[in-house]
Amino acid sequence: MELIITEKDNAARRIAEILSEGSATAERRNGVNVYRWGDTRVVGLSGHVVGVDFPPEYNDWRDVEPAELIDAEVTKEPTQENIVTTLKTLSRRADEAVVATDYDREGELIGKEAYELIREETDIPVSRVRFSSITEREVRNAFADAEEIDFDLAAAGEARQIIDLVWGAALTRFLSLSARQLGDDFISVGRVQSPTLKLIVDREREIEAFDPEDYWEIFADLQKNGSGFEAQYFYDDDGSEAERVWNEADADAAYADLTSVDAATVTSVRRRTRTDSPPTPFNTTAFISAASSLGYSAQRAMSIAEELYTAGYMTYPRTDNTVYPDDLEEDVLLDEFVGSPTFGEDAESLLEQDDIVATEGDEETTDHPPIHPTGEIPSKADISEDEWEIYELVVRRFFATVAEAATWERLRVVSEAGGRSLKANGKRLVEPGYHAVYPYSSASENHVPDVEEGEELSISEVRLDAKQTQPPRRYGQSRLIETMEDLGLGTKATRHNTLEKLYDRGYIEGDPPRPTALANAVVEAAEEFADRVVSDDMTAQLERDMTRIANGEATLEEVADESREMLQEVFDELAASREEIGEHLQESLKADKTLGPCPECGESMLVRRSRQGSYFVGCDGFPECRNTLPLPSTGEPLVLDETCEEHDMHHVKMLAGRDTFVHGCPRCEAEKADESDDEVIGPCPECGVAPAEQRDEGGDAAEGGDAEEGGELAIKHLRSGSRLVGCTRYPDCDYSLPLPRNGDIEVTEEFCEEHDLPELVVDPDSDDPWELGCPICNFEEYQARNAVEDLEDLNGIGAATADKLAAAGIESLEDLRAADPDGIAAEVQGVSAGQVQDWQSELEA
DNA sequence: GCAAGGTC
């Protein structure tokens with residue numbers, strides 16, 4: 001039997017399809033797909049199925065000096081037991097194995113890991129095939145001419161694994177121990193995350209150190225036959241043109257000269273045409289950047305891309321490649337879009353071009369093509385709105401890369417008025433070219449009319465604008481990812497995750513991200529004692545060392561030992577400053593949690609955590625001062641920069657994924673609750689008396705006075721800031737319904753027939769009032785909606801799949817847990833029994 | 001429990 005191993009299931013399926021000419025069938029083993037035909041089996045890994053780690057005796061952070069990790073043994077253990085077992089079982093029956101992982105360094109290492117797992121079972125020959133894209137021709141050629149695993153290249157990848165683990169773990173433990181942060185809130189450091197964090201911290205330092213400078217600019221409105229355009233004053237500054245005037249007296253003088261006349265004379269007119277080349281194919285970074293200008297975070301863009309890839313609508317989203325492979329036939333792919341309601345016309349117009357030549361970027365790699373649509377086109381109804389917007393972006397980017405260049409006409413008009421110079425730059429799109437199919441890049445025009453030299457133009461207005469130089473702008477997420485790529489930090493598959501990690505670790509907040517006090521302290525400590533780990537030099541050096549290993553000029557051991565020596569030197573310096581570093585980190589952690597002064601004792605109020613794990617605001621003077629304030633029960637509190645003027649307290653935001661909200665000032669929220677009265681709206685369905693009964697009983701007061709029942713529902717404000725409809729007999733009756741956190745709530749005269757409750761309207765006087773309706777009906781709808789969203793949180797279920805599942809009666813996690821996998825597979829197209837089993841096991845976990 | 005890199 002011949003065993004073929006790929007890097008992922010998707011590649012396994014496609015390779016089996018090609019090599020078997022479509023006759024391969026799939027079977028599940030230990031939850032892993034195995035494709036078979038004749039005497040061949042193909043199995044897909046899931047990237048690395050083994051991972052590096054220290055032996056178990058190093059597990060307890062408190063028992064092991066961090067520096068001991070430097071020379072600790074590094075072992076490899078399976079991390080994906082199911083896949084490892086399946087691979088080993090298959091290899092025992094195989095006569096030969098072929099490694100067909102991705103054609104890049106990490107793919108070589110993943111292949112070598114598979115090789116070693118096979119070697120634990122058998123000594124069958126193991127070969128390696130390499131192909132640049134999974135197409136019939138490439139794959140067949142590769143299998144006809146199998147090669148050997150490149151163990152040097154794999155060793156280069158292993159050096160990276162070891163160095164990253166040793167540096168990351170030793171320094172992370174050192175900082176966490178020194179600041180006594182051993183729980184979920186440990187303090188992490190790493191070769192990629194720390195230089196990335198330093199980028200953000202450095203930029204914030206520049207902003208803080210920035211000293212704005214005053215300057216002035218002067219604009220004049222010129223008129224030609226009733227059509228006006230704007231011109232700007234400029235002067236000669238040592239041979240170059242300058243617009244900014246740096247002192248007020250000069251600006252006033254120029255302004256006075258320009259206002260002393262009422263016409264300007266044209267002194268020069270220059271016309272130029274400029275071609276504007278279409279953009280290059282999408283790699284991951286360019287894709288994230290384009291999606292970001294549509295308002296998607298890096299993480300969200302990648303997660304949608306993943307779903308569209310899995311559904312078969314676009315190619316693999318993690319790629320550095322910006323050159324379409326030779327086997328991509330652009331005209332054939334364009335042809336797929338002819339007839340599409342959204343894309344048909346554009347595709348046809350592109351096909352009418354004399355020849356279709358795609359643009360190329362600078363980077364050409366061998367593992368995956370640039371991101372492009374596959375030609376299988378979803379209908380709008382198949383996928384969510386966000387998915388469609390991203391899909392359209394990918395399609396239109398492909399269109400743009402095969403479209404013609406645009407042509408602009410630039411018109412520059414210089415004129416003189418009162419001895420001063422004015423200039424106006426016009427631009428007009430003459431040939432829209434790729435802009436016709438790609439509306440995402442700016443094509444805005446600036447109209448400047450045709451004028452001739454010597455012509456007189458009347459001046460209708462002159463403006464003197466006082467301005468100030470601005471500090472550099474913060475990096476947005478996509479700009480950060482671009483900068484990481486320029487510096488060689490991280491990879492196409494990890495950069496967006498690194499940013500998420502910085503958010504999760506409490507190092508950055510907001511978008512554009514800003515560093516917390518903790519982040520500043522970590523970067524400062526690293527700069528002083530372990531400069532390498534916050535510098536992109538470490539990655540640059542590692543890349544050079546990896547190249548040497550891959551070329552056989554150095555060994556893994558030499559490179560790793562040299563790195564260990566450097567880390568040892570870092571620790572020699574660190575040891576003496578352990579307490580100092582710890583104190584600084586602890587102060588910063590406290591600063592990130594400080595809200596403002598305690599009104600009772602003047603100490604600071606801090607965000608704290610109770611023994612039960614819930615968050616509250618407590619006084620730093622505890623136990624002498626026991627003043628506290630509640631916080632909402634959902635989410636992780638984040639202290640914002642914004643403060644409440646009345647209480648000098650920072651506002652608090654509660655981070656809870658899609659339910660994230662701003663709580664505001666906890667004192668204001670508590671006071672608001674104290675001041676508001678409960679508003680009764682009807683009988684409690686648990687313990688109340690229905691209106692019908694009340695009517696039957698007439699005015700009989702004796703029955704209605706029973707304390708065991710007769711509860712009523714009221715709109716209540718809690719001190720934690722939340723509102724609810726709850727029973728007046730609370731805590732004897734704890735019936736409650738949620739209400740929105742914000743907005744005025746109006747109780748209307750309309751009643752819900754089913755529940756005997758009035759319908760509610762939120763923000764009745766606003767432009768966009770929300771008819772919430774009966775609170776019980778609203779709660780039931782809310783639960784149903786949440787159940788569907790919970791489903792979408794499972795791996796591989798996007799809006800498209802959730803929609804199909806709902807049609808088959810699977811509308812909640814409970815439904816899915818109880819479902820019969822084979823039944824679902826039979827009923828829902830595109831969902832396999834194996835997938836359902838995966839979701840069910842994910843639920844159990 | 002630490003990193004960064006695959007993968008979903």
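- Between A:T494 and B:dG5, a side-chain N or O to OP1/OP2 separation shorter than 4.0 Å is present.
- A side-chain donor-acceptor contact under 3.5 Å links A:T284 to the backbone of A:P317.
- Residue pairs that meet the side-chain hydrogen bond (donor to acceptor under 3.5 Å, both in side chains) test with at least one member in residues 56-75 of chain A, sequence neighbours left out, are A:E65-A:R578.
- Atom CD1 of A:I83 is separated from atom P of B:dG6 by 17 Å (rounded to the nearest Å).
- For A:K492 and B:dT7, the NZ to C1' distance is 12 Å, given to the nearest whole Å.
- Put simply, A:K501 has a side-chain N or O that comes within less than 4.0 Å of OP1 or OP2 on B:dA4.
- A heavy atom lying under 4.0 Å from DNA chain B marks the following residues of residues 150-160 of chain A, by number: A:R160.
- Per the geometry, CD1 belonging to A:I110 stands 14 Å off C1' belonging to B:dC8, to the nearest Å.
- Screening residues 167-181 of chain A for side-chain hydrogen bond (donor to acceptor under 3.5 Å, both in side chains) gives A:W167-A:S563 as the qualifying pairs, with residues at least two apart or on separate chains.
- Straight-line distance from the CG atom of A:D9 to the P atom of B:dT7: 13 Å, rounded to whole Å.
- Across all strands shown, A:Q161 has heavy atoms under 4.0 Å from base atoms, whether or not it also approaches the sugar-phosphate.
- Residues passing the side-chain hydrogen bond (donor to acceptor under 3.5 Å, both in side chains) test with A:R191, sequence neighbours excluded: A:D164, A:T539.
- A sub-4.0 Å separation between OP1 or OP2 of B:dT7 and a side-chain N or O of A:R318 is present.
- Using a 4.5 Å cut-off on side-chain heavy atoms (C-beta onward), A:L117 and A:V49 make contact.
- A sub-4.0 Å separation between OP1 or OP2 of B:dA3 and a side-chain N or O of A:R505 is present.
- Nearer the 5' end of DNA chain B, as judged by each residue's closest nucleotide, is the contact made by A:W167, out of A:L45 and A:W167.
- Qualifying ring pair (Phe, Tyr, Trp, His ring centres under 6.0 Å) partners for A:Y316, counting only residues two or more places apart in sequence or in other chains: A:Y309, A:H368.
- Residue A:R300 holds its CZ atom at 14.0 Å from CD1 of A:I288, rounded to the nearest 0.5 Å.
- Evaluation of the side-chain hydrogen bond (donor to acceptor under 3.5 Å, both in side chains) test over residues 497-508 of chain A, restricted to residues two or more places apart or in two chains, returns A:S188-A:R505, A:Q477-A:Y503.
- When heavy atoms are screened at a 4.0 angstrom cut-off, A:D184 is found touching no nucleic acid atom at all.
- The residue A:V52 sits close to a base: some heavy atom pair falls under 4.0 Å.
- Judged by distance alone, the side chains of A:D9 and A:N33 do bring a donor and an acceptor atom under 3.5 Å apart.
- Here A:Q161 pairs with nothing under the side-chain hydrogen bond (donor to acceptor under 3.5 Å, both in side chains) rule; sequence neighbours left out.
- No donor-acceptor pair closer than 3.5 Å links the side chain of A:S478 to the backbone N or O of A:S289.
- Put simply, the side chain of A:R532 does not reach to within 4.5 Å of the side chain of A:S535, judged on heavy atoms.
- A straight line from CG of A:D504 to P of B:dA4 spans 13 Å, rounded to a whole angstrom.
- Between the CD1 atom in A:I371 and the OG1 atom in A:T322 there is a gap of 11.5 Å [rounded to 0.5 Å].
- In this structure, the CG atom of A:L109 is 19 Å from the P atom of B:dA3, given to the nearest Å.
- Listed in residue order, the members of residues 191-201 of chain A having a heavy atom less than 4.0 Å from DNA chain B are A:R191, A:V192, A:Q193.
- Residues A:Y115 and A:F151 bring their aromatic ring centres within 6.0 Å.
- Of the listed residues (A:V126, A:V42, A:L90, A:I118), just one forms a side chain to side chain contact (heavy atoms under 4.5 Å, CB included) with A:I5, and that residue is A:I118.
- Among the atoms of the strands shown, none is found under 4.0 Å from any heavy atom of A:G44.
- Contact check, A:T491 against B:dA4: no side-chain N or O comes under 4.0 Å of OP1 or OP2.
- B:dA3 atom P lies 16 Å from atom NE2 of A:H48, rounded to whole Å.
- With sequence neighbours left out, the side-chain hydrogen bond (donor to acceptor under 3.5 Å, both in side chains) criterion links A:R41 to no other residue.
- If you check residues 477-484 of chain A against DNA chain B, you find no residue with a heavy atom closer than 4.0 Å.
- Near DNA chain B, defined here as any heavy-atom distance below 4.0 Å, there are no residues from residues 515-523 of chain A.
- Residue A:S188 is the one, among A:N497 and A:S188, whose nearest nucleotide of DNA chain B lies closer to the 5' end (criterion: closest heavy atom).
- For residues 532-549 of chain A, proximity to DNA chain B is found at no residue, defined as any non-hydrogen atom under 4.0 angstrom from a strand atom.
- Counting non-hydrogen atoms under 4.0 angstrom, A:Y316 reaches the backbone sugars and phosphates but no base.
- Under 3.5 Å, the side chains of A:H48 and A:E106 contain a donor-acceptor pair of N or O atoms.
- The side chain of A:D53 has B:dC2 as its nearest neighbour among B:dC2, B:dA4, B:dC8.
- Taking CD1 of A:I187 as the reference point, atom CG of A:L175 lies at 6.0 Å (rounded to 0.5 Å).
- Rounded to an integer number of Å, the gap from CD of A:E106 to C1' of B:dA4 is 8 Å.
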